[in-house]
Amino acid sequence: MAIVTISRGTYPGGISVAEKLASELGHPCIGLEVVRDAAQASGVDEGELLTTLEEPPRYWEKKPGRIPAHLNAVRAALLRRAQTGNLVYHGYVGHLLLRGISHVLRVRIITGTEKRIASLMKDRDMSEKKAIAHLKKLDIQLAKWTRFLYGVDWQDPSLYDVVLNLDRISVDGAAETVAQMTRLDEFQPTPESRKAFEDLCLSSEVWAALSKDTRTRAANIRVSADAGTVFVTGVAAN
């Protein structure tokens with residue numbers, strides 16, 4: 001059993017690591033599919049969910065209740081995919097969406113700025129100048145996003161169990177390293193981690209249902225669960 005989240009920032013090399021790892025482990029490999037799942041389950045337009053996940057804080061501050069609900073919709077979709085206990089996820093902030101579950105292996109893939117710029121120039125047909133500006137904008141936006149919502153610096157290595165530099169290790173080597181880590185005792189499910197997973201699943205599903213109901217859709221709430229008991233806090237107009 002292994003649930004692995006791979007944080008890759010704006011560098012697509014992390015997808016290659018995720019796909020290689022999933023193939024080696026025999027696990028499903030998913031990314032943006034989770035956003036599509038969330039859109040279908042919640043009834044929220046996929047583009048609106050993507051805006052929530054990508055836009056800077058000034059957008060969210062206008063809709064304080066809707067934004068956390070959108071993030072929860074994505075988390076609920078991710079948790080549904082992870083029910084089997086076997087998953088490699090390389091989408092948006094999986095290591096933060098699944099916080100508190102010790103058997104989730106949190107991986108960060110990094111590489112040098114020059115390689116990231118070259119990748120943007122090739123994939124998006126950009127000039128070097130535009131690629132540099134675009135990369136800077138994306139990094140600032142991501143930093144604001146994680147600090148605003150989670151109060152953390154997404155580049156802080158303590159948020160991850162391992163950081164792998166693709167300037168120093170190949171895609172195959174990175175995948176093999178992570179595969180070996182999934183077999184360590186530290187990342188095997190325990191009664192406590194299973195409970196944390198089940199609590200998060202329950203709270204996410206309840207929150208998703210409240211967000212879908214017209215009476216509570218605009219409510220600015222938070223939902224948590226503990227051993228089958230659900231706690232809803234916040235403000236609702238009705």
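All of these numbers come straight from a predicted model, not from anything done at the bench.
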From I15 CD1 over to C29 SG, what is the distance, rounded to the nearest 0.5 angstrom?
8.5 Å
Sorted by chain and number, sequence neighbours left out, side chain to side chain contact (heavy atoms under 4.5 Å, CB included) with L202 holds for V206, A225, V230
Strictly by ring-ring contact (aromatic ring centres under 6.0 Å, His included), give each pair with a member in residues 182-204 just once, sequence neighbours left out.
none
Tell me every residue that passes side chain to side chain contact (heavy atoms under 4.5 Å, CB included) with D185, counting only those two or more places apart in sequence or in another chain.
none
Heavy-atom donor-acceptor pair, E33 side chain to G31 backbone, under 3.5 Å
yes
Between P28 and the options V88, T84, L87, the side chain to side chain contact (heavy atoms under 4.5 Å, CB included) test singles out L87
Please determine whether residues V104 and V152 belong to a single hydrophobic cluster, defined as Ile, Leu, Val, Met, Phe, Trp and Tyr linked transitively by side-chain heavy-atom distances below 4.5 Å.
yes
Tell me the closest heavy-atom pair linking G100 and A196, and the distance in Å.
O-CB, 3.5 Å
Any chance you could measure I117, atom CD1, to I132, atom CD1, to the nearest 0.5 Å?
4.0 Å
So, do R168 and L166 sit near enough that their side-chain heavy atoms are less than 4.5 Å apart?
no
Take V162 and M181 through the test side chain to side chain contact (heavy atoms under 4.5 Å, CB included) and record every step on the way to the result.
CA-CA 9 Å; V162 63; M181 289 187 69; 3.8 Å; yes
Partner residues of E198 under the side chain to side chain contact (heavy atoms under 4.5 Å, CB included) criterion, sequence neighbours left out
none
Check for me, please, whether L79 and V44 land in the same ILVMFWY cluster - side-chain distances under 4.5 Å, paths through other members count.
yes
Could you pull out the closest heavy-atom pair between A38 and A77, with the gap in Å?
N-CB, 3.8 Å
Using the test side chain to side chain donor-acceptor pair (under 3.5 Å), find all partners of T190 that sit at least two apart in sequence or belong to another chain.
E192, S193
The criterion is salt bridge (Lys or Arg N to Asp or Glu O under 4.0 Å); which residues satisfy it with E46, sequence neighbours excluded?
R36
Run the side chain to side chain contact (heavy atoms under 4.5 Å, CB included) check on V107 and T5 step by step: do they pass?
CA-CA 6 Å; V107 180; T5 64; over 6 Å; no
Among residues two or more places apart or on two chains, list those pairs meeting salt bridge (Lys or Arg N to Asp or Glu O under 4.0 Å) that have a residue in residues 15-32.
K20-D172
Tell me the closest heavy-atom pair linking S211 and A69, and the distance in Å.
OG-CB, 3.3 Å
Around atom CG of D213, are there more than 12 heavy atoms from other residues, nucleotides or ligands closer than 6.0 Å?
yes
Looking at K195 and D199, is there a salt bridge between them, counting it only when a charged N and a carboxylate O are closer than 4.0 Å?
yes
Decide yes or no on side chain to side chain contact (heavy atoms under 4.5 Å, CB included) for R75 and L200, but give the supporting numbers first.
CA-CA 9 Å; R75 175 171 48 236; L200 193 58; 4.0 Å; yes
State which residues pass side chain to side chain contact (heavy atoms under 4.5 Å, CB included) with S127; sequence neighbours excluded, sorted by chain then number.
K129, K130
What pairs meet the salt bridge (Lys or Arg N to Asp or Glu O under 4.0 Å) rule with one or both residues in residues 85-107, with sequence neighbours excluded?
R106-D161
Donor-acceptor contact below 3.5 Å, side chain T52 vs main chain E48
yes
Hydrophobic clustering (ILVMFWY, side-chain heavy atoms < 4.5 Å, transitive) - are L96 and I30 grouped together?
yes
Under the salt bridge (Lys or Arg N to Asp or Glu O under 4.0 Å) test, which residues partner K137, sequence neighbours left out?
none
Criterion side chain to side chain contact (heavy atoms under 4.5 Å, CB included) on C201 and Q83, from CA distance to verdict:
CA-CA 9 Å; C201 285; Q83 286 284 355; 3.5 Å; yes
Starting from L21, can I reach L184 by hopping between I/L/V/M/F/W/Y residues whose side chains sit under 4.5 Å apart?
yes
Take a 6.0 Å sphere around CD of E128 and say whether it holds more than 12 heavy atoms from other residues, nucleotides or ligands.
no
Pairs meeting criterion ring-ring contact (aromatic ring centres under 6.0 Å, His included) with involvement of residues 84-111, two or more places apart:
H95-Y160
Is there a donor-acceptor pair closer than 3.5 Å between any side-chain N or O of D167 and the backbone N or O of T111?
no
Could you measure the distance from the CG atom of D139 to the NE2 atom of H134? Nearest 0.5 Å is fine.
10.0 Å
Counting heavy atoms not belonging to E186, are there more than 12 under 6.0 Å from its CD?
yes
Using the rule that Ile, Leu, Val, Met, Phe, Trp and Tyr join whenever any side-chain heavy atoms are under 4.5 Å apart, tell me whether W207 and L98 fall into a single cluster.
no
Nearest-0.5 Å distance, CD1 of residue I110 to CG of residue N165
4.0 Å
Residue pairs meeting salt bridge (Lys or Arg N to Asp or Glu O under 4.0 Å), one or both in residues 78-89, sequence neighbours left out, come to D37-R81, R80-E205
Note: P157 and V163 closest approach over all heavy atoms is CB-CG2, 4.4 Å
If you measure from NE2 on H70 to OG1 on T51, what distance do you get to the nearest 0.5 Å?
9.5 Å
Any side-chain heavy-atom pair from I6 and V17 closer than 4.5 angstrom?
yes
What distance do L32 atom CG and L49 atom CG have between them, rounded to the nearest 0.5 Å?
11.5 Å
Under a 3.5 Å distance rule, please check whether N220 uses its side chain to pair with a backbone N or O of G234 as donor and acceptor.
no
Can any side-chain N or O of D226 pair as donor or acceptor with the backbone N or O of T229 at less than 3.5 Å?
no
